[in-house]
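Data block below; observations after.
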Amino acid sequence: MDSVYSYFSSPALFSSSTIWMLGHKYSKDDPALETLSSSSSTTNNDFQRFLVDWGNKLWFSYRTNFPKIEPTTYDSDVGWGCTLRSGQMLLAQAFITHFLGRFLSPLTPVQPKFPREYYQVTKWFGDYPQDGCPYSIHNIAKVGQKLGKNIGEWFGPTTIALALSELVSKFHSSLFNVVVSHDSCIYLDIINKSSDEKSSTWKPLLIFIPLRLGLDSINSVYIPSLLSTFEFPQSLGIVGGKPRSSLYFLAAQDNYLFYLDPHYPQPVVQFPPDILNLNLDSFHCNTPRKILASEIDPSLALGFYCRDKADFDDFVLRAQHLTVNCETPLFSVSTKSPDYSDWTDEEEEKDVFETQTSHETELDKEGDEISMDDLVIL
C-alpha cells in the first residue's frame, strides 16, 4: 500500500479550529486528544482520534480488470466512474452506521479485525455483476441506462442519488426507506407515509438532497450552510467535487472540506471464501486531503441517515434551525407536498420542458460543460 499513500503524499494540514466530521466534533480542547504543541500551527498528530475515525472510512476508487460490464467492453471505470465511486462511499457509510453505529473500535493486536458486517458491506460494493455485489459499478452503470446515461458516461450527483435509491429499494428495502428530494425540499407527509404504510414501526430513512448552488461556481452565500451540515449527527457527507471531477466530502474545518478521492486506479479485488480474510488495505486511505469550499463544483448531493423517528425529528429541527439562521438555506422542510392534481400531463410536461430549455440556453451562453443531469428543476 505504499503506492497508495505516496499518491496522497500531500496530507491536509490542520489548523487549531474544530473539525466536524459526520456529526462529530474534534477539537484541540478534547481531553482524549494529544496535547497540542506550543507551535503556532498544529500537525496531523494533534487530531489522533479524527485520523483514526478517518482511517476507518471505506474508500472506493477506480478499479481495473474487473469483469466486463455487458454488453460493453468496459473492464475499468477509469475516467468516468468517479461520481459512481463517491456515491458508493456515501452509501457504504450509511450501511456501516446502520449495522455498527457511528464509531468503530480501533484495531489492536487483541482485536485485529473489524466486525463481520464491515467486511460484508465492503463486498456489497465489489466490482462484480453477481448478486453478492448489489452495489457494484456494474449494477450502478446499468441503472444509469434507465436514467439516460450510457455505460461509460459520467454521472452527475442527481443521477447517482437516483441510481443508488433504486438499488437500495431493490436489494435492501427491508433496511431503509429512501427519499430523493427533487426540489430542495423534504416533505413530512411523504416521509410519514413511506414510513408507516407497511408497518407501525419507523424504518430507518436514507435521504439524498441533490442541489445546484450556482452556475459556473458555488455561490458564496451557500457556503456557511454547507459547512454546517457536517454538524448534523445524521450526516453521511456530500457527493460533490471539483468541476467534472467527483470527490466524497466527509468533514469540514474553517472554510475547508476534507475528502476521499476516487481518482486512483487499483486492480480489482478478489473476495476470499471467508470474508473475514479480506485484505482491506486498498479500501482505506489514511491521508485526508482538503479543498476550499469556494473551489468546489456547485452541483452536489447531500446524504443523511435517520435511524428512528426521534433521529428524524432531530434532523428536521436542525434543518429548520439552519433555514432560520443562515442567510441562504440549502434546503427546506415542509409539512405538506404540493398538490398537482389540477395539472394536466401536458401542462406538467410543458412546464418541465420550458424550465430545462431555459437552463440549457443559459448554459450554452456561458459555454458551461455541465450536463442537464446536474440541474434540479425547482
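Remember, predicted model here, so these are calculated numbers, not experimental data. This chain uses plain numbering: 1 for the first residue, then up along the sequence.
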For [X], enumerate each residue passing the salt bridge (charged side-chain N to carboxylate O under 4.0 Å, His left out) test, keeping only those at least two apart in sequence or located in another chain.
| X | answer |
| --- | --- |
| D127 | R85 |
| R318 | D314 |
| D75 | none |
| K309 | D313 |

Test item: [X] side-chain N/O and [Y] main-chain N/O as donor-acceptor pair under 3.5 Å:
| X | Y | answer |
| --- | --- | --- |
| S225 | L330 | no |
| D261 | L247 | no |
| D254 | Y256 | no |
| S235 | F232 | no |
| H138 | P67 | yes |

For [X] against [Y], the heavy-atom pair lying closest together:
| X | Y | answer |
| --- | --- | --- |
| I238 | L90 | N-CD1, 4.2 Å |
| Y128 | V269 | OH-O, 2.8 Å |
| Q88 | S136 | NE2-C, 3.9 Å |

Which residues pass the side-chain hydrogen bond (donor to acceptor under 3.5 Å, both in side chains) test with S332, sequence neighbours left out?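 With sequence neighbours excluded, S332 shows a side-chain hydrogen bond (donor to acceptor under 3.5 Å, both in side chains) to no residue whatsoever.
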
Could you pull out all residues at least two apart from T97 that satisfy side-chain hydrogen bond (donor to acceptor under 3.5 Å, both in side chains)? Q93

Restricting to ring pair (Phe, Tyr, Trp, His ring centres under 6.0 Å), what partner residues turn up for Y74, sequence neighbours left out?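 Testing Y74 for ring pair (Phe, Tyr, Trp, His ring centres under 6.0 Å), a comparison that skips the adjacent residues, returns W80.
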
Could you tell me which residues satisfy side chain to side chain contact (heavy atoms under 4.5 Å, CB included) with [X], sequence neighbours excluded, listed by chain and number?
| X | value |
| --- | --- |
| V143 | L147, A163, E166, L167 |
| S173 | none |
| D189 | Y187, K336, S337 |
| N56 | V52, L104, F114 |

Would you indicate whether [X], at its atom [atom1], is surrounded by more than 12 heavy atoms from other residues, nucleotides or ligands within a distance under 6.0 Å?
| X | atom1 | answer |
| --- | --- | --- |
| N277 | CG | yes |
| Q130 | CD | yes |
| K113 | NZ | yes |

Hydrophobic cluster (4.5 angstrom, side-chain heavy atoms) - remaining members for V78: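 Result for V78 is Y62.
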
Does R102 pair with D53 as a salt bridge, N-O distance under 4.0 Å?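 Salt bridge flag = yes for D53 with R102.
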
Report the relative orientation of the aromatic rings in H172 and Y135; use parallel for angles under 30°, tilted for 30 to 60°, perpendicular for over 60°.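 Parallel: the ring planes of H172 and Y135 meet at under 30°.
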
